[in-house]
Chemist: 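Starting off with a structure, shown below.
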Amino acid sequence: MENNFSRLVGERLLTISEIHVATGISRNQLTALYYRRTKGIQFETVKKLCDFLEIPMSELIEYQPEIKGGEK
């Protein structure tokens with residue numbers, strides 16, 4: 001899985017504080033997500049971030065399944 005949060009924040013010149021105030025997501029949680037220190041994320045957090053950034057979930061978090069045994 002690819003977490004694109006830090007790229008999106010940088011492209012939009014946003015700060016963690018701005019996102020915290022607008023979404024209510026804790027600064028600690030946003031910082032952990034920004035620096036890719038988190039192993040998981042709640043659906044409600046994803047929803048708030050996607051709504052704030054006005055993007056689909058697939059732009060925030062990308063996932064490409066692993067191909068096992070060369071199967072397509």
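Residue numbers run from 1 in the order of the sequence given.
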Chemist: N28: what forms a side-chain hydrogen bond (donor to acceptor under 3.5 Å, both in side chains) with it, not counting sequence neighbours?
Modeler: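 Result, side-chain hydrogen bond (donor to acceptor under 3.5 Å, both in side chains) vs N28: none returned.
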Chemist: Side-chain contact test, heavy atoms from C-beta onward, threshold under 4.5 Å: evaluate it for I19 versus F5 and give yes or no.
Modeler: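 When only atoms from C-beta onward are counted, F5 and I19 do touch, with a gap below 4.5 Å.
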Chemist: When rounded to the nearest 0.5 angstrom, what distance separates CD in E44 from CD1 in I25?
Modeler: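 Spacing of CD (E44) from CD1 (I25) equals 8.5 Å.
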Chemist: Applying side-chain hydrogen bond (donor to acceptor under 3.5 Å, both in side chains), name anything that partners T45, two or more places apart in sequence or on another chain.
Modeler: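 Partners of T45 under the side-chain hydrogen bond (donor to acceptor under 3.5 Å, both in side chains) test: Q29.
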Chemist: Sequence neighbours left out, what passes side-chain contact (heavy atoms from CB on, under 4.5 Å) with F43? Give chain and number order.
Modeler: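 Checked F43 against side-chain contact (heavy atoms from CB on, under 4.5 Å); zero matches.
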Chemist: Indicate every side-chain donor-acceptor pair of residues 30-37 with a distance under 3.5 Å to a residue at least two apart or in another chain.
Modeler:
unit_1 : atom_1 : unit_2 : atom_2 : d
T31    : OG1    : R27    : O      : 2.8
R36    : NE     : N3     : O      : 3.4
R36    : NH2    : N3     : O      : 2.9

Chemist: Show which side-chain atoms of residues 47-62 pair as donor or acceptor with protein atoms under 3.5 Å away, not counting sequence neighbours.
Modeler:
unit_1 : atom_1 : unit_2 : atom_2 : d
K47    : NZ     : D51    : OD2    : 2.9
E62    : OE2    : N4     : ND2    : 2.8

Chemist: What salt bridge (charged side-chain N to carboxylate O under 4.0 Å, His left out) pairs are there with at least one residue in residues 3-23, not counting sequence neighbours?
Modeler: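 The answer is R7-E11.
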